[in-house]
Amino acid sequence: MIVVMKSGCRKEDVDHVVQLIRERGLKDHVIVGTDRTVVAAIGDKRHLDMTAIENASMVDRLVPILAPYKVASREVKTSPSVIPLGPNASVGGTKVSVIAGPCSVENEKQILGTAQAVMKAGAVGLRGGAFKPRTNPYDFQGLGEEGLKLLSKARDETGLAIVTEVMSIDQVDLVAEYADVLQIGTRNMHNFNLLMAAGKTQKTIMLKRGWSASLNEFLLAAEYIINEGNTNVILCERGIRTHETYVRNTLPLAIIPAINRESHLPIVVDPSQGTGHAYMVPQMSKAAVAAGADGLLIEVHPDPEHALTDGAQSITHGAFEGLMHELGLIADAVGRTMQLGPN
Ligand code: PEP
Ligand code: MN
């Protein structure tokens with residue numbers, strides 16, 4: 001349920017409504033909009049008396065939230081959210097933000113060189129897995145904390161925000177110590193305990209869509225995070241499993257307008273996991289921006305042929321630079337601008 005406050009209400013009026021909500025054992029979520037403040041009351045209200053809230057000072061009306069997700073929904077917050085990406089950048093709003101880097105951190109030269117290259121080309125964030133969720137237990141599993149240290153060195157040298165995956169609850173504190181953004185991977189989208197642990201941190205969370213998850217399940221997963229008090233969630237479409245074999249995953253760009261309609265959260269697209277093929281990445285990146293994506297997560301490697309993970313879908317430094325130029329033209333054409341990085 002949403003408590004819509006009258007315009008001109010004071011902080012005391014909102015605090016009073018919050019108190020009434022809490023007294024009923026419900027969770028509150030205050031959203032201060034440009035013209036109206038609303039307070040979402042989350043929880044089972046079937047046997048609760050809401051008249052005191054309805055009659056409270058400066059309350060305009062109570063509106064039920066129809067969507068199964070509440071705090072992630074557009075019903076609760078009508079304006080798009082702009083989510084911080086480290087101290088100097090953000091995702092959402094009118095800008096297009098690009099996060100790029102290798103699938104995994106392999107060594108110092110690889111990650112620092114790629115950080116410089118993507119920063120110079122205009123990226124705002126550096127990606128790179130230190131803990132890698134691998135389908136095959138004999139494949140490279142990532143450098144662990146050593147990889148996190150290298151990422152943090154790359155941030156010191158470039159000013160890029162660091163985006164890296166956290167695979168389990170016991171890694172949350174460690175990864176949060178080094179990263180600006182905690183990535184929750186496709187295999188963990190349904191790991192509700194991990195989602196809640198991420199929601200207890202103050203870090204921005206990049207939540208990837210489960211490869212078999214519906215849009216509904218995706219937004220409910222985001223809801224788990226926000227419900228714990230962390231509203232800084234960026235959604236990431238990374239492709240879903242279908243019968244197709246010419247791609248690693250099928251990249252459904254129609255989710256962009258659908259998310260925009262259902263939720264205030266920004267959505268970025270990962271065309272690398274989304275296709276599995278480097279040659280498809282530039283076109284799908286441009287298509288995503290044309291379709292209204294708030295950003296991109298792109299795998300870039302200095303030597304894709306020798307990458308330890310996901311080389312087939314990684315583009316070179318040179319290809320990335322060329323792509324960034326083209327993305328600027330597409331962004332312009334659809335009324336967006338590229339967010340300027342630290343370069
Ligand atoms: C990745 O970003 O390298 C990755 C493992 O992503 P996903 O969880 O989408 O497969
Ligand atoms: Mn990858």
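First listed ligand is number 1; within each ligand, the first listed atom is number 1.
- By the 4.0 Å N-to-carboxylate-O rule, E108 lies close enough to K153 to be salt-bridged with it.
- Remark: E177 CD is packed, more than 12 non-hydrogen atoms of other residues, nucleotides or ligands lying under 6.0 Å away.
- The nearest heavy-atom contact from the protein to atom 6 (O) of ligand 1 is K208 NZ, 2.8 Å.
- In terms of protein heavy atoms, atom 8 (O) of ligand 1 is closest to T186 N, 2.8 Å.
- Of all N/O/S atoms in D310, OD2 sits nearest the Mn ion (ligand 2).
- Using a 4.0 Å cutoff on heavy atoms, E299 counts as a contact of ligand 1.
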Begin from the C-alpha positions of R74 and E262 and carry the test salt bridge (Lys or Arg N to Asp or Glu O under 4.0 Å) through to its verdict.
CA-CA 5 Å; R74 275 267 173 179; E262 290 297 315; over 6 Å; no
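- Taking a 4.0 Å cut-off on heavy atoms, G129 fails to register as neighbouring ligand 1.
- Other residues, nucleotides and ligands contribute at most 12 non-hydrogen atoms within 6.0 Å of the CD atom of E305.
- Taking a cutoff of 4.0 Å between a charged side-chain nitrogen and a carboxylate oxygen, D60 and R36 qualify as a salt bridge.
- Set against the non-hydrogen atoms of C103, the atoms of ligand 1 under 4.0 Å away are 3 (O).
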Show your working on side chain to side chain donor-acceptor pair (under 3.5 Å) between S97 and Q339 and close with a plain yes or no.
CA-CA 5 Å; S97 312; Q339 182 164 137; 3.2 Å; yes
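- Close approach to R187 involves these atoms of ligand 1, each under 4.0 Å from a residue heavy atom: 8 (O), 10 (O).
- Within ligand 1, the atoms closer than 4.0 Å to a non-hydrogen atom of K132 are 1 (C), 3 (O), 5 (C), numbered from 1 in the order shown.
- Atom 10 (O) of ligand 1 has its closest protein heavy atom at R238 NH2, 2.9 Å.
- Salt bridge annotation for R248-D310: present, with a cationic side-chain nitrogen under 4.0 angstrom from a carboxylate oxygen.
- The atom of E299 nearest to the Mn ion (ligand 2) is OE2, with the search restricted to N, O or S atoms.
- Salt bridge present: R10 and D13 bring a charged side-chain N and a carboxylate O closer than 4.0 Å.
- Close approach of ligand 1 to G185 is summarised as follows: ligand atoms under 4.0 Å from at least one heavy atom of the residue are 8 (O).
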